[in-house]
Student: 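One structure, as structure tokens, below. Some questions next.
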Amino acid sequence: MITNSTRQRDLRGHKATRPNPRAANTVEHQAVLAWRLTPRDRWIIRMLHEHRVLTAHQITAVAFPSFRSGRQRLRELYLWGVVDRFQPFISVGTAPMHYVLAPAGAAVLAGEDGLDVKGLGYRHDRAFAIAHSLRLAHTVGVNEWFTALVARARHSDPAERTVLTAWWSEARCARHFGDLIKPDAYGRWAAHGTEIEFFLEYDFGTEVLAKLAGKLAGYAALAEATGITTPVLVWLQSSRREATARRLLHRAWRELDNPRTVPVATAAADLLNPETDHPSPADKVWLPLDNHTNQPGVRRELHRLPDAWPHVLAPSSASEPGGEVTFEPDSPSLLMVPAPPPMPPAQAQATSREPGIRQAVSRP
């Protein structure tokens, strides 16, 4: 859960999975997948390519009506070679299954975008390397932060018009802004007719807070270069650490040449109420670093943060950081497909026919 993230030190290796008969990634098998994969399956493929790893709980929370139906479909995708999975070992309890993109899934994605797998920049060993990465817990934590928003949007009243309209991974942000900043993610959240775009700095308690505060200079340089003021949201694990971070952030913020170009707000995971149906960063947990309204020191919901910064313009397609990604066919650098929509396909598509594994694997 987003209110109780798993620490990196608790992840020590991964448990071996039981052997299962998996379909070989042949041309014939890919032809079978062409009519077996639903729009929701293809969306999951794109999300795994963009965000590297998603847990079973995260995928089912954002794309399935129940954990049981999600687990069954993910098992089928695993047996078809569309996704791979691993289960980190933890000393207490059982970690959820973690899913990454498998070769058959990469072939489907490449085919849809008119590329080959090599041009896509996909390698199976690199995809699975996240299982042993020291940043696994951080990556899963950032993805949990955003999937909590997606789950909140899925279960909200339609009249609230709640939706996560953008979610860029750390790798995509580095590709666009790496010379100046390296945020953990970029996102856009809309609710009640108000939309806010933001960069996310996800603190897991392992980074020196002074280094976190020092990143504000890079955000100021980006705002000066683009002429776009984009809020920076800092998420911490405890209120105590948030208080310390706010002192350091405020000191660094005041030293900027033009602090107004870097609006900052902080929140802590322990401020969320785990007893609610869908606790998420959209809740009333955000405290602007500095604002000129008549409600200083008041926690706000995510979509209410723009009220604290009247000078920040509402996001528009013209102000999207980096704009559209263009590709040069002969470019030696890795290609990046367009970012997938954060919200899953429409319910009518998501509940389409999903036959069992035996028929799909055995069909010629």
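In what follows, residues are counted from 1 in the order of the sequence shown. Just so you know, these numbers come straight off a predicted model, no measurement behind them.
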Student: Side chains of His176 and Tyr186: closer than 4.5 Å at any heavy-atom pair?
Tutor: no
Student: State whether Asp283 and Arg300 are salt-bridged, where the test is any N-O pair (Lys NZ or Arg NE/NH1/NH2 against Asp/Glu carboxylate O) under 4.0 Å.
Tutor: no
Student: After noting the C-alpha distance and the side-chain angles of Trp189 and Thr162, does the key distance pass the side-chain contact (heavy atoms from CB on, under 4.5 Å) rule?
Tutor: CA-CA 8 Å; Trp189 175 252; Thr162 303; 3.2 Å; yes
Student: Please find the pair of heavy atoms, one from Asn25 and one from Pro103, that lie closest to each other, and give the distance.
Tutor: ND2-CB, 3.6 Å
Student: For the residue pair Phe198 and Trp168, is the inter-centroid distance of their aromatic rings smaller than 6.0 Å?
Tutor: no
Student: Check Arg40 against Pro65 and note the closest heavy-atom contact, atom names and distance.
Tutor: NH1-CD, 4.1 Å
Student: What verdict does the side-chain contact (heavy atoms from CB on, under 4.5 Å) test give for Ile196 and Arg188, after you've listed the backbone C-alpha separation in whole Å, the side-chain angles of each residue and the deciding distance to 0.1 Å?
Tutor: CA-CA 6 Å; Ile196 177 175; Arg188 284 189 181 185; over 6 Å; no
Student: Is a donor on one side and an acceptor on the other found under 3.5 Å between the side chain of Gln30 and the backbone of Ala104?
Tutor: no
Student: Checking side chain to side chain contact (heavy atoms under 4.5 Å, CB included) between Val163 and each of Met343, Arg152, Arg154, which is the one that passes?
Tutor: Met343
Student: Checking Arg246 side chain against Pro288 main chain: does a donor-acceptor pair fall under 3.5 Å?
Tutor: yes
Student: Answer yes or no: is there a side-chain heavy-atom contact under 4.5 Å between Val262 and Phe199?
Tutor: no
Student: Should the ring pair Trp167 and Phe146 be called parallel, tilted or perpendicular, given that the plane angle runs from 0 to 90° and is split at 30 and 60?
Tutor: parallel
Student: Just jot down the salt bridge (charged side-chain N to carboxylate O under 4.0 Å, His left out) partners of Glu195, sequence neighbours excluded, or say none.
Tutor: none
Student: Hey, does Pro306 have a side-chain heavy atom less than 4.5 Å from the side chain of Arg304?
Tutor: no
Student: With a sphere of 6.0 Å drawn around CD of Glu224, does it hold more than 12 non-hydrogen atoms of other residues, nucleotides or ligands?
Tutor: no
Student: Which heavy atom in Asn273 sits nearest to a heavy atom in Pro279, and how many Å separate them?
Tutor: O-CB, 3.6 Å
Student: Taking NZ, NE, NH1 and NH2 as the nitrogens, is one of them in Arg73 or Asp41 under 4.0 Å from a carboxylate oxygen of the other?
Tutor: yes
Student: Classify the ring geometry between His124 and Phe128 as parallel (under 30°), tilted (30 to 60°) or perpendicular (over 60°).
Tutor: perpendicular
Student: Supply the atom-to-atom distance His29 NE2 to Arg22 CZ, rounded to the nearest 0.5 angstrom.
Tutor: 9.0 Å
Student: Count the heavy atoms of every other residue, nucleotide or ligand shown that sit under 6.0 Å from CG of Asp116, and state whether that count exceeds 12.
Tutor: yes
Student: Please round to the nearest 0.5 Å and tell me the distance separating atom NE2 of His192 and atom CZ of Arg161.
Tutor: 9.0 Å
Student: Got a salt bridge between Arg46 and Asp113, using NZ or NE/NH1/NH2 to carboxylate O under 4.0 Å?
Tutor: yes
Student: Are any of the side-chain heavy atoms of Leu149 and Pro281 separated by less than 4.5 Å?
Tutor: yes
Student: Taking only Lys NZ, Arg NE, NH1 and NH2, and the carboxylate oxygens of Asp or Glu, determine whether Arg135 and Glu170 approach each other closer than 4.0 Å.
Tutor: yes
Student: Looking only at atom types and distance, does a side-chain atom of Trp286 sit under 3.5 Å from a main-chain N or O of Thr266, one as donor and one as acceptor?
Tutor: no
Student: Hey, what do you get for NE2 (His311) to OG1 (Thr261), rounding to the nearest 0.5 Å?
Tutor: 7.5 Å
Student: Please determine, by modelled atom types, if Asp270 and Ser238 share a side-chain donor-acceptor pair under 3.5 angstrom.
Tutor: no
Student: For the CD1 atom of Ile45 and the CG atom of Leu77, what is their distance to the nearest 0.5 Å?
Tutor: 7.0 Å
Student: Can a salt bridge be assigned to the pair Lys215 and Glu207 using a cut-off of 4.0 Å between side-chain N and carboxylate O?
Tutor: yes
Student: Between His98 and Pro96 (side chain of the first, backbone of the second, donor and acceptor by atom type, cut-off under 3.5 Å), is there such a pair?
Tutor: yes
Student: Taking all non-hydrogen atoms of both residues into account, name the closest pair between Ala127 and Ile130 and its distance.
Tutor: O-CG2, 3.3 Å
Student: Do Pro183 and Leu200 come within less than 4.5 Å of each other through their side chains, counting heavy atoms only?
Tutor: no
Student: State whether a side-chain donor-acceptor pair under 3.5 Å links Glu201 with Tyr219.
Tutor: yes
Student: Yes or no on side-chain contact (heavy atoms from CB on, under 4.5 Å) for His49 and Val337, after CA distance, side-chain angles and deciding distance?
Tutor: CA-CA 9 Å; His49 180 66; Val337 299; 3.8 Å; yes
Student: Could you report the tightest heavy-atom contact between Ala95 and Pro88, atom names first, then the distance?
Tutor: CB-O, 3.3 Å
Student: Any donor-acceptor pair under 3.5 Å linking the side chain of His250 with the backbone of Ala245?
Tutor: no
Student: In Å, rounded to the nearest 0.5 Å, how long is the span from CD1 of Ile181 to SG of Cys173?
Tutor: 7.0 Å
Student: Considering all heavy atoms of both residues, which atom of Ala267 and which atom of Val285 are nearest to each other, and what is their separation?
Tutor: CB-O, 3.4 Å
Student: Side chains of Asn143 and Gln58: any donor to acceptor distance under 3.5 Å?
Tutor: no
Student: Could you walk me through whether Leu37 and Trp80 satisfy the side-chain contact (heavy atoms from CB on, under 4.5 Å) test, starting with their C-alpha distance in whole Å, then the side-chain angles of each, then the deciding distance to 0.1 Å, before giving a yes or no?
Tutor: CA-CA 10 Å; Leu37 295 180; Trp80 293 342; 4.1 Å; yes
Student: Output the distance between atom CG (Asp84) and atom CG (Leu101), rounded to the nearest 0.5 Å.
Tutor: 8.5 Å
Student: Is Leu74 close to Tyr99 at the side-chain level, that is, under 4.5 Å between some pair of heavy atoms?
Tutor: yes
Student: Just jot down the side chain to side chain contact (heavy atoms under 4.5 Å, CB included) partners of Arg123, sequence neighbours excluded, or say none.
Tutor: Asp125, Arg126
Student: Any non-hydrogen side-chain atom of Leu209 less than 4.5 Å from a side-chain atom of Arg241?
Tutor: yes
Student: So, do Phe204 and Trp235 sit near enough that their side-chain heavy atoms are less than 4.5 Å apart?
Tutor: no
Student: If you count every heavy atom of other residues, nucleotides or ligands that lies below 6.0 Å from Asn258 atom CG, does the total exceed 12?
Tutor: yes
